[in-house]
Protein chains: 2
Amino acid sequence: MSLRHAILVLLQDQEASGYDLAREFANSIGLVWNATHQQIYLELGKLNDQNMVKFRHIPQDGKPDKKLYRITEEGRDELIRWLRKPAAPPRIRDAFMVKIAGGALSDSSSILRELDDQADLRRERLHTFEALARKLDEQGRDKDLFTYLTLRRGILDQQAWLHWADEVKTALNKREILSTSA
Amino acid sequence: MSLRHAILVLLQDQEASGYDLAREFANSIGLVWNATHQQIYLELGKLNDQNMVKFRHIPQDGKPDKKLYRITEEGRDELIRWLRKPAAPPRIRDAFMVKIAGGALSDSSSILRELDDQADLRRERLHTFEALARKLDEQGRDKDLFTYLTLRRGILDQQAWLHWADEVKTALNKREILSTSA
DNA sequence: ACTACTTATTCAACGGATTGCGCAGCAATA
DNA sequence: TATTGCTGCGCAATCCGTTGAATAAGTAGT
(Lines give C-alpha, C1' and ligand atoms only; values in the text may rest on other atoms or scores of the structure.)
Protein backbone atom coordinates (compact mmCIF):
# COMPACT_ATOMS: atom_id res chain seq x y z
CA MET A 1 0.00 0.00 0.00
CA SER A 2 2.70 2.50 -0.85
CA LEU A 3 1.86 3.80 -4.27
CA ARG A 4 0.89 6.87 -2.27
CA HIS A 5 4.38 7.12 -0.85
CA ALA A 6 6.04 6.69 -4.20
CA ILE A 7 3.92 9.60 -5.44
CA LEU A 8 4.83 11.70 -2.43
CA VAL A 9 8.50 10.99 -3.05
CA LEU A 10 8.16 12.27 -6.59
CA LEU A 11 6.28 15.36 -5.48
CA GLN A 12 9.04 16.20 -3.03
CA ASP A 13 11.13 18.13 -5.50
CA GLN A 14 8.61 19.21 -8.09
CA GLU A 15 5.05 20.17 -8.66
CA ALA A 16 3.61 17.75 -11.21
CA SER A 17 0.44 16.68 -12.98
CA GLY A 18 -0.94 13.17 -12.97
CA TYR A 19 0.29 12.84 -16.49
CA ASP A 20 3.80 13.90 -15.52
CA LEU A 21 3.83 11.37 -12.72
CA ALA A 22 2.63 8.63 -15.02
CA ARG A 23 5.58 9.32 -17.30
CA GLU A 24 7.98 9.17 -14.38
CA PHE A 25 6.47 5.90 -13.27
CA ALA A 26 7.14 4.59 -16.74
CA ASN A 27 10.79 5.66 -16.42
CA SER A 28 12.72 6.52 -13.28
CA ILE A 29 10.58 5.19 -10.45
CA GLY A 30 9.27 2.44 -12.68
CA LEU A 31 12.54 0.78 -11.84
CA VAL A 32 11.28 0.01 -8.35
CA TRP A 33 7.54 0.54 -8.45
CA ASN A 34 5.13 0.58 -11.31
CA ALA A 35 1.66 1.90 -11.75
CA THR A 36 -0.69 2.83 -14.54
CA HIS A 37 -2.16 6.27 -15.05
CA GLN A 38 -5.58 5.17 -13.77
CA GLN A 39 -4.08 4.14 -10.48
CA ILE A 40 -2.15 7.36 -10.20
CA TYR A 41 -5.14 9.63 -10.84
CA LEU A 42 -7.19 7.68 -8.34
CA GLU A 43 -4.50 7.89 -5.70
CA LEU A 44 -4.00 11.60 -6.31
CA GLY A 45 -7.73 12.03 -5.67
CA LYS A 46 -7.46 10.19 -2.36
CA LEU A 47 -4.32 12.06 -1.34
CA ASN A 48 -6.11 15.30 -2.06
CA ASP A 49 -9.11 14.26 0.04
CA GLN A 50 -6.73 13.57 2.90
CA ASN A 51 -4.90 16.87 2.45
CA MET A 52 -1.61 15.18 1.66
CA VAL A 53 -1.42 17.09 -1.60
CA LYS A 54 -3.12 20.12 -3.08
CA PHE A 55 -3.40 21.25 -6.68
CA ARG A 56 -3.95 24.29 -8.80
CA HIS A 57 -5.87 24.26 -12.01
CA ILE A 58 -3.94 25.27 -15.09
CA PRO A 59 -5.96 26.12 -18.18
CA GLN A 60 -4.03 25.63 -21.37
CA ASP A 61 -4.85 26.33 -24.95
CA GLY A 62 -4.03 23.86 -27.63
CA LYS A 63 -3.84 21.24 -24.89
CA PRO A 64 -6.33 20.04 -22.28
CA ASP A 65 -6.35 21.75 -18.90
CA LYS A 66 -4.25 20.19 -16.22
CA LYS A 67 -3.92 20.02 -12.47
CA LEU A 68 -0.54 20.66 -10.95
CA TYR A 69 -0.15 18.86 -7.65
CA ARG A 70 2.23 19.70 -4.87
CA ILE A 71 2.88 18.03 -1.54
CA THR A 72 1.54 19.66 1.65
CA GLU A 73 3.00 19.77 5.15
CA GLU A 74 0.74 16.89 6.13
CA GLY A 75 1.92 14.94 3.14
CA ARG A 76 5.53 15.46 4.04
CA ASP A 77 4.83 14.39 7.63
CA GLU A 78 3.13 11.24 6.43
CA LEU A 79 6.03 10.48 4.12
CA ILE A 80 8.59 10.91 6.90
CA ARG A 81 6.53 8.75 9.23
CA TRP A 82 6.43 6.06 6.57
CA LEU A 83 10.15 6.30 5.89
CA ARG A 84 10.85 5.66 9.54
CA LYS A 85 8.98 2.40 9.97
CA PRO A 86 10.46 -0.74 8.42
CA ALA A 87 9.22 -1.73 4.98
CA ALA A 88 7.51 -5.06 4.48
CA PRO A 89 9.61 -7.45 2.41
CA PRO A 90 8.47 -7.30 -1.21
CA ARG A 91 6.19 -10.10 -2.29
CA ILE A 92 7.55 -11.99 -5.23
CA ARG A 93 5.32 -12.89 -8.13
CA ASP A 94 7.26 -13.92 -11.15
CA ALA A 95 5.18 -15.87 -13.63
CA PHE A 96 8.16 -16.74 -15.80
CA MET A 97 9.87 -18.34 -12.83
CA VAL A 98 6.78 -20.39 -12.10
CA LYS A 99 7.19 -21.71 -15.62
CA ILE A 100 10.78 -22.64 -14.96
CA ALA A 101 9.81 -24.41 -11.76
CA GLY A 102 7.23 -26.34 -13.74
CA GLY A 103 9.64 -26.76 -16.59
CA ALA A 104 9.57 -30.53 -16.65
CA LEU A 105 6.28 -30.27 -18.53
CA SER A 106 7.48 -27.94 -21.29
CA ASP A 107 9.94 -28.75 -24.01
CA SER A 108 13.36 -27.12 -23.82
CA SER A 109 12.98 -25.26 -27.10
CA SER A 110 9.99 -23.23 -25.96
CA ILE A 111 11.70 -22.40 -22.69
CA LEU A 112 14.79 -21.26 -24.53
CA ARG A 113 12.73 -19.10 -26.84
CA GLU A 114 11.06 -17.30 -24.00
CA LEU A 115 14.33 -17.04 -22.13
CA ASP A 116 15.81 -15.21 -25.11
CA ASP A 117 12.89 -12.81 -25.27
CA GLN A 118 13.22 -11.99 -21.61
CA ALA A 119 16.98 -11.65 -21.97
CA ASP A 120 16.50 -9.09 -24.75
CA LEU A 121 14.31 -7.05 -22.48
CA ARG A 122 16.79 -7.21 -19.63
CA ARG A 123 19.70 -6.30 -21.87
CA GLU A 124 17.80 -3.31 -23.13
CA ARG A 125 17.04 -2.16 -19.61
CA LEU A 126 20.64 -2.69 -18.63
CA HIS A 127 21.80 -0.37 -21.38
CA THR A 128 19.39 2.42 -20.50
CA PHE A 129 20.29 2.16 -16.82
CA GLU A 130 23.99 2.20 -17.58
CA ALA A 131 23.59 5.21 -19.83
CA LEU A 132 21.72 7.10 -17.10
CA ALA A 133 24.25 6.10 -14.47
CA ARG A 134 27.10 7.32 -16.66
CA LYS A 135 25.38 10.64 -17.16
CA LEU A 136 24.93 11.07 -13.40
CA ASP A 137 28.53 10.12 -12.81
CA GLU A 138 29.74 12.88 -15.09
CA GLN A 139 27.73 15.47 -13.21
CA GLY A 140 29.26 14.29 -9.96
CA ARG A 141 27.05 11.63 -8.51
CA ASP A 142 26.79 13.09 -5.02
CA LYS A 143 24.09 15.51 -5.99
CA ASP A 144 21.71 12.74 -6.91
CA LEU A 145 23.26 9.98 -4.87
CA PHE A 146 20.01 8.16 -4.22
CA THR A 147 18.98 8.13 -7.83
CA TYR A 148 22.42 6.79 -8.60
CA LEU A 149 22.10 4.04 -6.00
CA THR A 150 18.68 3.11 -7.32
CA LEU A 151 20.15 2.79 -10.79
CA ARG A 152 22.99 0.63 -9.47
CA ARG A 153 20.39 -1.68 -7.98
CA GLY A 154 18.72 -2.02 -11.34
CA ILE A 155 22.01 -2.61 -13.11
CA LEU A 156 23.17 -5.33 -10.72
CA ASP A 157 19.77 -6.95 -10.95
CA GLN A 158 19.79 -7.17 -14.72
CA GLN A 159 23.35 -8.47 -14.74
CA ALA A 160 22.50 -11.20 -12.25
CA TRP A 161 19.49 -12.17 -14.34
CA LEU A 162 21.53 -12.39 -17.55
CA HIS A 163 24.15 -14.43 -15.82
CA TRP A 164 21.48 -16.83 -14.64
CA ALA A 165 20.07 -17.05 -18.15
CA ASP A 166 23.47 -18.23 -19.39
CA GLU A 167 23.50 -20.95 -16.77
CA VAL A 168 20.07 -22.09 -17.89
CA LYS A 169 21.14 -22.22 -21.50
CA THR A 170 24.21 -24.32 -20.90
CA ALA A 171 22.29 -26.64 -18.59
CA LEU A 172 19.51 -27.17 -21.11
CA ASN A 173 21.90 -27.65 -23.99
CA LYS A 174 23.83 -30.29 -22.11
CA ARG A 175 20.57 -32.02 -21.37
CA GLU A 176 19.46 -31.83 -25.00
CA ILE A 177 22.66 -33.55 -26.07
CA LEU A 178 22.24 -36.29 -23.51
CA SER A 179 18.66 -37.03 -24.53
CA THR A 180 19.35 -37.04 -28.29
CA SER A 181 22.42 -39.24 -27.98
CA ALA A 182 20.53 -41.75 -25.82
CA MET B 1 -3.53 -14.30 -12.49
CA SER B 2 -1.34 -17.35 -12.13
CA LEU B 3 -1.60 -18.41 -8.56
CA ARG B 4 -3.70 -21.18 -10.07
CA HIS B 5 -0.81 -22.24 -12.26
CA ALA B 6 1.67 -22.22 -9.43
CA ILE B 7 -0.68 -24.54 -7.57
CA LEU B 8 -1.05 -26.80 -10.59
CA VAL B 9 2.73 -26.98 -10.92
CA LEU B 10 2.99 -28.16 -7.33
CA LEU B 11 0.23 -30.71 -7.79
CA GLN B 12 2.04 -32.16 -10.79
CA ASP B 13 4.17 -34.56 -8.80
CA GLN B 14 2.21 -35.01 -5.60
CA GLU B 15 -1.21 -35.09 -4.14
CA ALA B 16 -1.39 -32.40 -1.45
CA SER B 17 -3.69 -30.64 0.98
CA GLY B 18 -4.21 -26.89 1.10
CA TYR B 19 -2.11 -26.86 4.19
CA ASP B 20 0.73 -28.71 2.46
CA LEU B 21 0.60 -26.22 -0.40
CA ALA B 22 0.66 -23.28 1.98
CA ARG B 23 3.84 -24.67 3.50
CA GLU B 24 5.43 -25.07 0.11
CA PHE B 25 4.46 -21.53 -0.78
CA ALA B 26 6.26 -20.44 2.35
CA ASN B 27 9.35 -22.37 1.22
CA SER B 28 10.25 -23.69 -2.21
CA ILE B 29 7.81 -21.92 -4.53
CA GLY B 30 7.78 -18.94 -2.23
CA LEU B 31 11.06 -18.14 -3.92
CA VAL B 32 9.17 -17.09 -7.03
CA TRP B 33 5.56 -16.67 -6.03
CA ASN B 34 3.96 -16.14 -2.67
CA ALA B 35 0.48 -16.58 -1.35
CA THR B 36 -1.29 -16.92 1.96
CA HIS B 37 -3.39 -19.86 3.04
CA GLN B 38 -6.65 -17.94 2.49
CA GLN B 39 -5.77 -17.34 -1.11
CA ILE B 40 -4.76 -20.94 -1.61
CA TYR B 41 -7.94 -22.43 -0.15
CA LEU B 42 -10.03 -20.04 -2.21
CA GLU B 43 -8.19 -20.89 -5.38
CA LEU B 44 -8.41 -24.63 -4.70
CA GLY B 45 -12.17 -24.17 -4.41
CA LYS B 46 -12.32 -22.46 -7.78
CA LEU B 47 -10.02 -25.01 -9.40
CA ASN B 48 -12.26 -27.75 -8.09
CA ASP B 49 -15.38 -26.05 -9.47
CA GLN B 50 -13.69 -25.92 -12.86
CA ASN B 51 -12.60 -29.55 -12.68
CA MET B 52 -8.93 -28.68 -12.81
CA VAL B 53 -8.36 -30.56 -9.58
CA LYS B 54 -10.27 -33.13 -7.55
CA PHE B 55 -9.93 -34.16 -3.94
CA ARG B 56 -10.58 -36.98 -1.55
CA HIS B 57 -11.55 -36.50 2.01
CA ILE B 58 -9.16 -37.94 4.57
CA PRO B 59 -10.43 -38.30 8.13
CA GLN B 60 -7.65 -38.27 10.67
CA ASP B 61 -7.63 -38.79 14.37
CA GLY B 62 -5.66 -36.54 16.62
CA LYS B 63 -5.59 -34.07 13.76
CA PRO B 64 -8.36 -32.33 11.83
CA ASP B 65 -9.67 -33.97 8.68
CA LYS B 66 -8.04 -32.94 5.45
CA LYS B 67 -8.65 -32.84 1.74
CA LEU B 68 -6.00 -34.26 -0.54
CA TYR B 69 -6.05 -32.60 -3.92
CA ARG B 70 -4.71 -33.96 -7.15
CA ILE B 71 -4.54 -32.51 -10.62
CA THR B 72 -6.94 -33.76 -13.31
CA GLU B 73 -6.46 -34.19 -17.04
CA GLU B 74 -8.19 -30.88 -17.61
CA GLY B 75 -5.91 -29.24 -15.11
CA ARG B 76 -2.83 -30.59 -16.83
CA ASP B 77 -4.13 -29.36 -20.19
CA GLU B 78 -4.73 -25.91 -18.78
CA LEU B 79 -1.25 -25.86 -17.30
CA ILE B 80 0.37 -26.86 -20.58
CA ARG B 81 -1.66 -24.24 -22.44
CA TRP B 82 -0.46 -21.61 -19.99
CA LEU B 83 3.16 -22.73 -20.22
CA ARG B 84 3.07 -22.23 -23.95
CA LYS B 85 1.98 -18.61 -24.06
CA PRO B 86 4.50 -15.93 -23.06
CA ALA B 87 4.43 -14.66 -19.51
CA ALA B 88 3.87 -10.99 -18.78
CA PRO B 89 6.97 -9.31 -17.36
CA PRO B 90 6.75 -9.17 -13.58
CA ARG B 91 5.70 -5.83 -12.18
CA ILE B 92 8.10 -4.48 -9.64
CA ARG B 93 6.90 -3.18 -6.31
CA ASP B 94 9.66 -2.81 -3.82
CA ALA B 95 8.78 -0.52 -0.93
CA PHE B 96 12.30 -0.49 0.44
CA MET B 97 13.59 0.77 -2.88
CA VAL B 98 11.04 3.54 -2.87
CA LYS B 99 12.57 4.58 0.41
CA ILE B 100 16.02 4.63 -1.10
CA ALA B 101 14.79 6.72 -4.01
CA GLY B 102 13.28 9.14 -1.50
CA GLY B 103 16.36 8.85 0.67
CA ALA B 104 17.22 12.51 0.66
CA LEU B 105 14.52 12.99 3.29
CA SER B 106 15.76 10.33 5.71
CA ASP B 107 18.93 10.43 7.72
CA SER B 108 21.70 8.04 6.74
CA SER B 109 21.68 6.21 10.03
CA SER B 110 18.08 5.01 9.74
CA ILE B 111 18.69 3.91 6.16
CA LEU B 112 21.76 1.98 7.23
CA ARG B 113 19.87 0.32 10.03
CA GLU B 114 17.16 -0.92 7.73
CA LEU B 115 19.71 -1.91 5.15
CA ASP B 116 21.37 -4.14 7.72
CA ASP B 117 18.08 -5.76 8.67
CA GLN B 118 17.29 -6.51 5.06
CA ALA B 119 20.81 -7.77 4.51
CA ASP B 120 20.41 -10.22 7.39
CA LEU B 121 17.29 -11.57 5.79
CA ARG B 122 18.97 -11.93 2.42
CA ARG B 123 22.02 -13.61 3.91
CA GLU B 124 19.79 -16.08 5.70
CA ARG B 125 17.93 -16.87 2.50
CA LEU B 126 21.19 -17.22 0.65
CA HIS B 127 22.36 -19.87 3.10
CA THR B 128 19.20 -21.92 2.94
CA PHE B 129 19.19 -21.78 -0.86
CA GLU B 130 22.82 -22.77 -1.02
CA ALA B 131 22.26 -25.67 1.34
CA LEU B 132 19.37 -26.93 -0.77
CA ALA B 133 21.34 -26.51 -3.98
CA ARG B 134 24.25 -28.48 -2.51
CA LYS B 135 21.91 -31.26 -1.49
CA LEU B 136 20.46 -31.45 -5.00
CA ASP B 137 23.93 -31.41 -6.48
CA GLU B 138 24.94 -34.47 -4.48
CA GLN B 139 21.96 -36.41 -5.72
CA GLY B 140 22.90 -35.54 -9.29
CA ARG B 141 21.13 -32.38 -10.24
CA ASP B 142 19.68 -33.60 -13.49
CA LYS B 143 16.79 -35.32 -11.82
CA ASP B 144 15.46 -32.06 -10.43
CA LEU B 145 17.11 -29.73 -12.89
CA PHE B 146 14.36 -27.15 -12.80
CA THR B 147 14.28 -26.94 -9.04
CA TYR B 148 18.03 -26.53 -9.18
CA LEU B 149 17.78 -23.71 -11.72
CA THR B 150 15.14 -21.99 -9.65
CA LEU B 151 17.43 -22.14 -6.65
CA ARG B 152 20.30 -20.75 -8.67
CA ARG B 153 18.08 -17.82 -9.57
CA GLY B 154 17.43 -17.18 -5.90
CA ILE B 155 21.10 -17.46 -5.02
CA LEU B 156 22.29 -15.06 -7.71
CA ASP B 157 19.55 -12.65 -6.71
CA GLN B 158 20.56 -12.55 -3.07
CA GLN B 159 24.23 -12.21 -3.96
CA ALA B 160 23.50 -9.27 -6.24
CA TRP B 161 21.44 -7.65 -3.52
CA LEU B 162 24.17 -8.05 -0.92
CA HIS B 163 26.74 -6.68 -3.31
CA TRP B 164 24.55 -3.65 -3.85
CA ALA B 165 24.13 -3.20 -0.11
CA ASP B 166 27.92 -2.95 0.22
CA GLU B 167 27.99 -0.24 -2.39
CA VAL B 168 25.33 1.69 -0.53
CA LYS B 169 27.24 1.42 2.72
CA THR B 170 30.51 2.71 1.34
CA ALA B 171 28.72 5.51 -0.51
CA LEU B 172 26.85 6.64 2.60
CA ASN B 173 29.92 6.41 4.81
CA LYS B 174 31.95 8.53 2.44
CA ARG B 175 29.16 11.05 2.46
CA GLU B 176 28.95 11.03 6.24
CA ILE B 177 32.67 11.82 6.48
CA LEU B 178 32.37 14.68 4.02
CA SER B 179 29.46 16.27 5.85
CA THR B 180 30.99 15.98 9.33
CA SER B 181 34.39 17.32 8.25
CA ALA B 182 32.77 20.30 6.51
C1' DA C 1 -7.30 13.01 -46.31
C1' DC C 2 -6.65 9.55 -43.02
C1' DT C 3 -4.30 7.49 -39.31
C1' DA C 4 -1.72 7.52 -35.33
C1' DC C 5 0.34 9.54 -31.49
C1' DT C 6 0.64 12.98 -27.57
C1' DT C 7 -1.34 15.66 -23.89
C1' DA C 8 -4.69 15.35 -20.09
C1' DT C 9 -8.29 13.50 -17.07
C1' DT C 10 -11.85 10.39 -15.43
C1' DC C 11 -15.40 6.49 -14.80
C1' DA C 12 -17.04 1.78 -14.38
C1' DA C 13 -16.60 -3.14 -13.79
C1' DC C 14 -14.36 -6.87 -12.35
C1' DG C 15 -11.14 -9.81 -10.19
C1' DG C 16 -7.20 -10.47 -7.27
C1' DA C 17 -5.14 -9.80 -2.72
C1' DT C 18 -4.93 -8.55 2.10
C1' DT C 19 -6.61 -8.37 6.73
C1' DG C 20 -9.09 -10.02 10.32
C1' DC C 21 -11.71 -13.32 12.30
C1' DG C 22 -13.50 -18.03 13.71
C1' DC C 23 -13.53 -22.96 14.68
C1' DA C 24 -11.19 -27.23 16.54
C1' DG C 25 -8.13 -30.32 18.92
C1' DC C 26 -3.53 -31.89 20.14
C1' DA C 27 1.32 -31.32 21.86
C1' DA C 28 4.89 -29.10 24.13
C1' DT C 29 6.80 -25.68 26.91
C1' DA C 30 7.09 -22.20 30.48
C1' DT D 1 -1.99 -24.33 34.49
C1' DA D 2 -1.63 -20.92 30.87
C1' DT D 3 0.24 -19.90 26.70
C1' DT D 4 2.11 -20.70 22.51
C1' DG D 5 2.49 -23.38 18.25
C1' DC D 6 1.11 -26.76 14.86
C1' DT D 7 -2.32 -29.02 11.93
C1' DG D 8 -6.31 -28.02 9.15
C1' DC D 9 -10.17 -25.53 7.04
C1' DG D 10 -13.02 -21.65 5.95
C1' DC D 11 -15.86 -16.75 5.52
C1' DA D 12 -16.45 -11.74 4.94
C1' DA D 13 -15.11 -7.02 4.18
C1' DT D 14 -12.34 -4.17 2.12
C1' DC D 15 -8.79 -2.57 -0.66
C1' DC D 16 -5.73 -2.72 -4.55
C1' DG D 17 -5.00 -3.42 -9.40
C1' DT D 18 -6.21 -4.31 -14.17
C1' DT D 19 -8.81 -3.67 -18.29
C1' DG D 20 -11.42 -1.09 -21.15
C1' DA D 21 -13.51 2.82 -22.53
C1' DA D 22 -14.82 7.85 -23.22
C1' DT D 23 -13.76 12.72 -24.15
C1' DA D 24 -11.21 16.45 -26.51
C1' DA D 25 -7.99 18.95 -29.32
C1' DG D 26 -3.57 19.39 -31.48
C1' DT D 27 0.44 17.60 -34.17
C1' DA D 28 3.11 14.61 -37.22
C1' DG D 29 3.55 11.31 -40.58
C1' DT D 30 1.88 8.20 -44.99
Side-chain angles (χ1 to χ4, degrees), chain A residues 1-7 10 15-27 29-30 32-50 53-69 82 87-95 98, chain B residues 1-8 15-27 29-30 32-50 52-53 55-69 82 87-95 98:
Chain A
M1 104 97 150
S2 52
L3 167 58
R4 49 191 313 103
H5 302 109
I7 290 174
L10 287 176
E15 206 178 16
S17 69
Y19 192 82
D20 294 334
L21 292 173
R23 246 188 294 108
E24 293 195 65
F25 270 94
N27 301 326
I29 302 291
V32 294
W33 196 281
N34 40 28
T36 60
H37 75 273
Q38 290 93 333
Q39 260 183 92
I40 291 163
Y41 284 118
L42 199 82
E43 198 63 44
L44 280 172
K46 285 185 201 167
L47 284 168
N48 185 57
D49 292 346
Q50 293 163 34
V53 298
K54 60 182 174 184
F55 66 90
R56 51 199 186 102
H57 218 259
I58 310 287
Q60 299 184 111
D61 43 41
K63 293 175 188 175
D65 296 359
K66 64 177 171 181
K67 295 175 177 179
L68 280 184
Y69 289 87
W82 178 76
R91 58 218 167 301
I92 303 160
R93 257 152 220 199
D94 193 327
V98 173
Chain B
M1 103 94 149
S2 53
L3 168 59
R4 48 192 315 104
H5 302 109
I7 290 174
L8 291 174
E15 207 177 17
S17 67
Y19 191 82
D20 294 334
L21 292 173
R23 245 189 296 109
E24 293 195 65
F25 269 95
N27 302 326
I29 302 291
V32 294
W33 195 279
N34 39 30
T36 60
H37 79 271
Q38 291 93 333
Q39 259 183 95
I40 291 162
Y41 286 119
L42 199 81
E43 198 64 44
L44 280 172
K46 285 185 200 167
L47 284 168
N48 185 57
D49 292 346
Q50 293 162 35
M52 304 277 161
V53 299
F55 68 90
R56 50 199 188 101
H57 218 258
I58 310 288
Q60 299 184 110
D61 42 42
K63 293 175 188 174
D65 296 359
K66 64 177 171 180
K67 297 174 175 180
L68 280 185
Y69 289 87
W82 178 76
R91 56 220 167 302
I92 303 159
R93 256 153 221 196
D94 192 328
V98 173

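Letters A, B, ... mirror the listed sequences (proteins, then strands); counts begin at 1.
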Exercise for the section: Check the pair A:Leu21, A:Leu44 against side chain to side chain contact (heavy atoms under 4.5 Å, CB included), reporting the backbone distance first and the verdict last. Expected result: CA-CA 10 Å; A:Leu21 292 173; A:Leu44 280 172; 4.0 Å; yes
Exercise for the section: Indicate yes or no for a side-chain donor-acceptor contact from B:Arg56 to the backbone of B:Tyr69 under 3.5 Å, with no hydrogens or angles considered. Expected result: no
Exercise for the section: Using whole Å, report how far CG of B:Leu68 lies from C1' of D:dC9. Expected result: 13 Å
Exercise for the section: Look only at the side chain of B:Asn34 and the backbone of A:Ile92, and say whether a donor-acceptor pair between them is shorter than 3.5 Å. Expected result: yes
Problem - Rounded distance [0.5 Å steps], CG in B:Leu3 versus NZ in B:Lys46 - result: 8.5 Å
Handout entry: B:Glu43 CD - D:dC11 P separation (whole Å)
Key = 14 Å
Handout entry: Gap separating the OG atom of B:Ser2 from the CG atom of B:Leu8, nearest 0.5 angstrom
Key = 10.5 Å
Completion exercise
The reported gap from CZ in A:Arg4 to CD1 in A:Ile40 (rounded to nearest 0.5 angstrom) is 14.0 Å
Fill in the blank from the handout: note: B:Asp20, atom CG; D:dG8, atom P; distance rounded to Å ~ 7 Å
Handout entry: Whole angstrom value for the distance that separates P of D:dT14 from CG of A:Leu42
Key = 17 Å
Pairs under 3.5 Å (N/O, protein and nucleotides 23-28 of chain D):
from	atom 1	to	atom 2	distance (Å)
D:dG26	O4'	A:Gly62	O	3.3

Practice task
Please state whether the rings of B:His57 and B:Phe55 are parallel, tilted or perpendicular, taking 30° and 60° as the class boundaries.
Solution key: tilted
Exercise for the section: Look at B:Tyr41 and D:dG10 and indicate whether a side-chain polar atom (N or O) is within less than 4.0 Å of OP1 or OP2. Expected result: no
Fill in the blank from the handout: So OG1 of A:Thr36 and CZ of B:Arg91: to nearest 0.5 Å the spacing works out to 11.5 Å
Handout entry: Atom-to-atom span, CG of A:Asp65 to P of C:dT10 - whole angstrom
Key = 11 Å
Exercise for the section: Write down the distance between CG (B:Leu44) and C1' (C:dG16), rounded to a whole number of angstrom. Expected result: 16 Å
Fill in the blank from the handout: With sequence neighbours left out, the residues meeting salt bridge (Lys or Arg N to Asp or Glu O under 4.0 Å) with A:Arg23 are A:Asp20
Fill in the blank from the handout: Residues of residues 33-40 of chain A with a heavy atom under 4.0 Å from any atom of DNA chain D, listed by number, are A:His37, A:Gln38, A:Gln39
Practice task
Would you mind reading off the distance between A:Arg23 atom CZ and C:dA8 atom P, rounded to a whole angstrom?
Solution key: 7 Å
Practice task
Using only side-chain N and O atoms of A:Lys67, determine if any of them is under 4.0 Å from OP1 or OP2 of C:dT10.
Solution key: yes
Exercise for the section: Would you indicate, yes or no, if C:dG16 has its OP1 or OP2 atom less than 4.0 angstrom from a side-chain nitrogen or oxygen of B:Arg4? Expected result: no
Exercise for the section: Could you tell me the separation between the CG atom of A:Leu21 and the P atom of C:dA8, rounded to a whole number of Å? Expected result: 12 Å
Fill in the blank from the handout: Side-chain contact check for B:Arg93: nearest option of C:dG16, D:dT18, C:dA8 is D:dT18
Fill in the blank from the handout: Among the nucleotides C:dA8, C:dG16, D:dG8, whichever has the atom closest to the side chain of A:Tyr19 is C:dA8
Problem - N/O (side chain, A:Arg91) to phosphate O (OP1/OP2, C:dT18) under 4.0 Å - result: yes
